[in-house]
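Counting starts at 1 for both ligands and their atoms, in listed order. Treat the numbers as computed from the prediction; the structure is a model and nothing was measured. Any value given below was found using the heavy atoms of this structure, including those in side chains, with hydrogens, waters and symmetry copies removed.
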Amino acid sequence: MDKLKTRFAPSPTGHLHVGGARTALFNYLLARKSGGSFLLRIEDTDRARHDETAVAKIVDDLRWLGIEWDEGIEVGGDSGPYRQSERLEIYTEHIQRLLDAGSAYYAFDTPEELGAMRQEAVQRKETFRYVRPESFPTADDAEKAVADGRPVVVRFACPQKDVTIRDDAFGEVTMPAGQMDDFIIRKADGWPTYHLANVVDDALMGVNYVCRGQEFLGQTWRHVLLREALGMDEPRYCHLPLIMDMQGRKLSKRDGDVEVHSFRAAGYLPEALVNFIALLGWKSGDREKYTLAELVEAFTPSGIGKSNAKFDRDKLIAFNTDAAAEADADRLLAGLKDYLSLNETNLPDDEDVLRRLLRMNRGFRTFADILGKCGVLFAADDSYGFDPKAVKKVLEKNDGAGYAVLSAIRPLLAEVDWTAEALEKWLKEYCQAGSLGMGKVAQPLRVAVTGTRISPPIGETLELLGRERTLTRIERCLRQGVSGV
Ligand code: GLU
């Protein structure tokens, strides 16, 4: 494989979408695998929509995933600056070259005039295409138009010929000459459009492999023609298939999280998300489990397919459950702390307690499970409610058998050694002595101290809570039962 120089070129509008994360990951892997390099460029020429915090968010999301870049914002490099907003002069110079060569021309149509042209095309049942003037306006004409308050743009004079792209995923894709039009390369505010800036930067930054989402495939002919007009070499192209939800619709917020940051805040591990994202449009045989390092080894462009990828959230949860089960204690502690830093919770930041919670919850799916099951143990003893279904089934059924068990064991618990092991042993013996199933005692206890039927093993739950608080909670539960609240 030749050394590939790849790039990720997001337009900063907010946190990184999983689709963007996939593009970044594939570019990173292609560069690493080929011994090339990966750069991060910020495409922020749309000054009206600019959001400075979005750049920091994207950087943070990429780093959390473990995707590092060799060149680009924050790390520097030889072909910077790496923010398009700092490269206006470079674009201006290239646009001038195109103007001088007669490959581009000024146009001064007002929005109303353009609207009328579109309207006419609709009436003729044709797709609107800008009609190139017979002779191009001069720079003086353009100046005069500016003075008259007209919006002056620069359009590319598209050579009318078929353009065929050889795409690594989609194969040969041809854009017939008749469907092209003289698109805008400089807007009236003086900033270049995406097409011009993107092409100039890729060429000047030495990018030789352009890998991005399928939504750009239909635009690539513009880039091919611009490069040709500017005498720039063509890169290889690879467009990544669309990502769909399980109903076959384009992935959107409607059916859950779609931003990397949301998964982070929801308690996922980056290694699981990276593994999952890698399989959105790429595969190598039947293997599914990869670390980032293993992906670097295994990744090849030939594994990138063109059929739509499916965003299977259940699979992601399964990946996360496995990743959590395989991670060592320090890794999990760091992950849990990160999760807690992004959520307002009542969990303490004491590392010993957090380690204990991780042990108690072994087999958890996401860090949110730990909070869901154990948050109540850190709440005030009189602050949690009782799940009505649990009360009915575990406490009230059979003439209040659950309440009876709680009343019976409450004084005995005052005497038991307060360790998880001793508590489990005592519970077992108590049940054996009374020929009771473990659940008949453990479940009422669980409902009493957590309000629900779900908690980690009962011994560990009680040990963490401590004797005094356990007894207080049992008493409160019994009071509620008696008063029927
Ligand atoms: N700035 C473009 C975007 O929003 C980059 C497209 C490309 O990779 O060429 O995603």
Q: Run the ring-centre check on F183 versus W221 and record whether the distance is less than 6.0 Å.
A: yes

Q: Would you confirm whether the ring centroid of Y82 sits within less than 6.0 angstrom of the ring centroid of W69?
A: no

List every atom of ligand 1 that sits less than 4.0 Å from any heavy atom of [X], numbering the atoms from 1 in the order shown and giving each element.
{"X": "S11", "answer": "1 (N), 2 (C), 3 (C), 4 (O)"}
{"X": "R7", "answer": "7 (C), 8 (O), 9 (O)"}
{"X": "E43", "answer": "1 (N), 2 (C), 5 (C)"}
{"X": "N198", "answer": "7 (C), 9 (O)"}

Q | Verdict with supporting geometry, H195 and F216, ring pair (Phe, Tyr, Trp, His ring centres under 6.0 Å) | A | CA-CA 10 Å; H195 304 296; F216 296 98; 8.9 Å; no

Q) So which heavy atom in the protein is nearest atom 10 (O) of ligand 1, and how far is it from that ligand atom? A) F216 CZ, 3.6 Å

Q) Between A9 and ligand 1, does any nitrogen or oxygen pair lie at a separation below 3.5 Å? A) yes

Q: State which residue, out of V207, I73, N27, fulfils the side-chain contact (heavy atoms from CB on, under 4.5 Å) condition with L39.
A: V207

Q) Under 4.0 angstrom from ligand 1, any heavy atom of F8? A) no

Q. Distance-only, no hydrogens or angles: does the T193 side chain make a donor-acceptor pair with backbone N or O of I184 under 3.5 Å?
A. yes

Q: Tell me yes or no: between the side chains of T220 and R212, is some donor less than 3.5 Å from an acceptor?
A: yes

